[in-house]
Structures are given as structure tokens and as C-alpha cells.
Enquirer: 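Here it is: the structure, laid out below.
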Amino acid sequence: MTATGSPATGQGARDPDPSQAPPQQARPLDGLRVIEFSHMVMGPATGVILADLGADVLKVEPPGGDNTRRLKGSGGGYFAMYNRNKRSLCADLKNPKARALAQDLLADADVLLENFRPGAMDKLGFGYEALSERNPRLVYCSLKGFLPGPYGERVALDEVTQMMGGLAYMTGLPGKPMRAGSSIVDITGGMFGALAVLAALQERNRTGCGQRVTSALFETTAFLVGQHMAQQSVLGEEPQPMSIRSSAWGVYDLFDCADGQLFVAVVSDTQWRRFCADFGLEPLGADDALADNAGRVAGRERFMPTLRELFAGLGRGQAAAKLARAGLPFAEINKPSDLFDDPHLAQAGLVDVRLADGARQGTQARLPKLPVEMDGRRFDVRRHLPRIGEHSREAARGTGRNEAEIEALMADGVLFENR
């Protein structure tokens, strides 16, 4: 990143020769072979989790490459975010020679990922039953709109299931449902897919057999709003959208400072006493009617004007520093672009990924790492975003095909590469 905080900078070469690179530290999933038939977000999100953890993920793309590479607007970052650490095989699966090559790759693969419409993989000859006969150890992961049931054949998108699953209702204003500001169901559904794959691999360690696992958008949405379903069961009251201020806490609000906004939460009686002491609000801290959270919820009209006046007289940085010293929950209101220069993320949570497509091809994009730490380490990039078919020859060689056979597949429009 440049000093100005540009999200993508610098021209770069392709991945270095592995024989010349320093040895890499072993990763948890080293040796795991994954074949990915997916596009957009949910399937690639599953794949990038496995890839970041060390799996060899081979992404199978159609002629011309995954259409996600060419999306604009809010989809412009999908490919860059969810396809690092993968290889690319570009093949025309309508051609029986390409299907035969894919079958050979799958014969000793550990995992298959797919997120196409129900029945699409079966038509290509890549359904679970057919593949498992040849490779009974295969873990076959489908990422779908719905698990089996009345909705099983419906077409779904992240936003569709946010609407029908109650998440948009809980996010928006009354009468104005609003989708979350991220592809949260696609991403979380992909996480559940990765979790199911790892569970199936663990079971395979005991039984020697693979299995089919499925993660779905609608059921993921239901799981996300399950806390609100439980809320209604526990309290006997239908939950209101979270845009309506929750009555659970006395202080759980946005405050306007002199130069910006802060979110501040005071969610325990100890925090309330500390807040009042550190911000010079001793009279409020000594008020017995406000000593517990229930009293503060009931007494908001008495003390909130004082709090709003207090923060209005402080700069955002000044208020944040005082809240941090007091150990109180608070947050600046940031845009995604602010995260490029976030000091906490910059220390160990961002990684440079070389872009593979478009006008900025070859430049570096600084993107979030997998949000986990294992044994004190985070997971970096070992492969930048692949160009379309960059590893087609390499993958074909892995099936035992010789150079003459590979050249013939290229000449016949079966395999493609873009070096």
C-alpha cells in the first residue's frame, strides 16, 4: 500500500519458481486435494478457507473464465477476495474429452466443491453417486439455496434468503426490510460448507469412506436469526427490527462528537460506575435509581441528554482514548476503505494479493486474511489469484497426459490457458 492508503498498488511478476522459494511452514490441510466447480461467492468462499489452510484447490473454469472475474459494482471484488491460493484449470466441460480429464482428476481427489443449480453436476456426469463409485473416499460438498424440502428446487441468492429468512426484516426499518451490507449469507454458508467438509474428512479417518455434505443459504439465514426465534420463545414477544433501539441496555447508542460519531455501550453496572467516574458524571453514578441496568433503561430520558452534551464537546479521538482507558466497549463508525489503514489489521491481519484481471491486473490488493490464528500464526498467500487456465497444463500433466496429448487438447478447444 502506498502512503496514501491506496487499496491496490504496484506491478508484479507471476508466482516465483517454487524450487527457488524458501521452504514454507506446513499448513493444517497440506496434502488435501480439492477440485472446485464454483462461481460467485458461496462456493469460492468455501474453497478459499480450505486453500488458505493449505489445501491444493484446483478451480475449474469454463471457456473465457469464471464470469465473476468480470463483475462490476458491488460484485467487483468477489473474485479477488475468494480465489487466492488456488490454481485454475480452464476447460470446456461440454466436450467429452474435458469431462474425461476432470473425471481423472476426481478419481483421487479428496474433496469436490460445487455450487451450481440442482441437477447441473449430474447432467455433466459429476453427480455424487457416479463419482463415489470410482472414488469412495471423496467428500462431495454442494453449496445450494436450500437443503432438501419443499423449496429444494427454487433458485436462491444471498438477498433472496435474507428476505425470506427474516434477516432483512431484522436489519431494516419497520416496513422497510434491508439486506445486510455484505454477502453475509453466502460467506457464512461457505463457512458452514468448509466446516462440514472438515467434519466429513474426520469421519473418513475412522470409516475410510467419503460422503456428500450440503450447506444452504436459507438454512444458514435461519441459523443467523435463530437468536431472535429463541428471543420470542423465551420472552413471548415477537422481536422488533434491530434498527429500533434495543431496550436491553441503558446505554447502547451512537453519539455525535465534535468531529464524528462513536458507538458506545455500557452493558454492566460495573461499567456504568466506571463510565461515570472517568467522564466526570459523579452525580449520575451516585443516583441509586440508575445503579442497575433496569433502572437505566427506565431512566434514559433523564440522563441521555447529559451524555449527548458530553460527547458533543469532545473530539472523536479524545472520547475514544478515554473510553479505551476505561475499558468500555466503543467503536468508530468506519467505511470499508478505512480498514486499509487500520493499525490493528495492518499489524498482521492484511495480506497483499496480486490481481489477475481487468485494468488493474498485476497490481497488489491489500485484503483481509482468514480471521483465525493457529499456534500463534496467521495464514498468508502462497499463490496469487490465478489467471484464466494458468494451471491447465499442470493439471493435465497430473492425470498422466503427455505434452503431445495436452497440445492436442489445447488445439481442439478442450483446454485453455492465459499465461
Side-chain angles (χ1 to χ4, degrees), residues 41-42 73-75 77 145 156-189 191-192 217-268 271-272 275 290 292-312 314 316 319-320 323 328-339 342 368 371:
V41 176
M42 192 184 188
S74 62
L157 299 170
D158 184 296
E159 191 159 344
V160 168
T161 60
Q162 286 196 39
M163 295 291 174
M164 67 186 298
L167 183 58
Y169 171 84
M170 294 303 300
T171 303
L173 294 166
K176 296 182 178 180
M178 180 181 295
R179 66 157 292 156
S182 169
S183 301
I184 186 169
V185 182
D186 272 323
I187 298 165
T188 312
M191 291 168 57
F192 282 127
L217 294 173
F218 179 61
E219 283 78 4
T220 293
T221 309
F223 193 87
L224 291 173
V225 302
Q227 67 189 79
H228 300 300
M229 297 169 67
Q231 174 187 346
Q232 181 166 349
S233 297
V234 170
L235 302 179
E237 301 171 354
E238 184 172 329
Q240 295 300 304
M242 294 191 75
S243 56
I244 300 175
R245 200 201 71 81
S246 171
S247 61
W249 310 110
V251 180
Y252 205 78
D253 294 83
L254 282 174
F255 292 95
D256 292 317
C257 298
D259 57 352
Q261 287 185 311
L262 283 176
F263 171 78
V264 180
V266 179
V267 295
S268 74
Q271 287 182 359
W272 172 252
F275 174 66
L290 303 177
D292 61 23
N293 183 67
R296 292 190 294 277
V297 170
R300 276 176 56 84
E301 292 184 2
R302 289 202 297 117
F303 67 80
M304 282 301 293
T306 301
L307 269 56
R308 296 202 180 280
E309 182 180 357
L310 167 71
F311 281 103
L314 298 172
R316 189 172 80 157
L323 290 162
L328 296 170
F330 73 95
E332 298 87 349
I333 312 305
N334 289 326
K335 304 185 296 294
S337 57
D338 294 324
L339 300 185
D342 182 90

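Sequence positions, counted from 1, serve as the residue numbers for this chain.
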Enquirer: Measure the CG-CG distance between L262 and L254 for me, rounded to the nearest 0.5 Å.
Expert: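 If we round to the nearest 0.5 Å, L262:CG and L254:CG are 9.0 Å apart.
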Enquirer: List in chain and number order the residues that pass ring pair (Phe, Tyr, Trp, His ring centres under 6.0 Å) with F192, two or more places apart in sequence or in another chain; answer none if no residue qualifies.
Expert: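 F223.
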Enquirer: Write down the atom of V185, the atom of L217, and the distance for their closest heavy-atom approach.
Expert: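 It is CG1-O, 3.3 Å.
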Enquirer: Decide yes or no for Q162 and I184: does some side-chain heavy atom of the first lie under 4.5 Å from some side-chain heavy atom of the second?
Expert: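 In short, these two side chains touch, coming nearer than 4.5 Å.
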Enquirer: Counting distance only, does the side-chain N/O of N293 pair as donor-acceptor with the main-chain N or O of A248 below 3.5 Å?
Expert: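 Yes, the answer is positive, given that a donor and an acceptor are paired below the 3.5 Å cut-off.
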Enquirer: At what distance, to the nearest 0.5 angstrom, does CG of N334 lie from CD of Q261?
Expert: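 Result: 11.5 Å between the selected atoms.
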Enquirer: Calculate, to the nearest 0.5 Å, the distance between atoms CZ and CH2 belonging to R296 and W249 respectively.
Expert: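 Separation between the atoms: 9.5 Å.
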Enquirer: For M163, is there any backbone N or O sitting under 3.5 Å from a side-chain donor or acceptor partner on R179?
Expert: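 Such a contact is absent between R179 side chain and M163 backbone.
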Enquirer: Can you measure from CZ (F255) to CG (L307) and round to the nearest 0.5 angstrom?
Expert: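 Between F255 CZ and L307 CG, I get 5.0 Å after rounding to 0.5 Å.
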Enquirer: Is the number of heavy atoms from other residues, nucleotides or ligands under 6.0 Å of M178 CE greater than 12?
Expert: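 For M178, atom CE is not crowded (no more than 12 foreign heavy atoms under 6.0 Å).
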Enquirer: What distance do D186 atom CG and D158 atom CG have between them, rounded to the nearest 0.5 Å?
Expert: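 One gets 4.5 Å once the value is rounded to the nearest 0.5 Å.
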Enquirer: Hey, could you give me the CG/CG distance between L314 and L310, rounded to the nearest 0.5 Å?
Expert: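 Result: 5.0 Å between the selected atoms.
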Enquirer: Partners of F263 by ring pair (Phe, Tyr, Trp, His ring centres under 6.0 Å), sequence neighbours excluded?
Expert: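 F263 satisfies ring pair (Phe, Tyr, Trp, His ring centres under 6.0 Å) with Y252 only.
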Enquirer: Determine yes or no for a side-chain-to-main-chain donor-acceptor pair under 3.5 angstrom, with S243 supplying the side chain and G172 the backbone.
Expert: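 At least one qualifying donor-acceptor pair exists.
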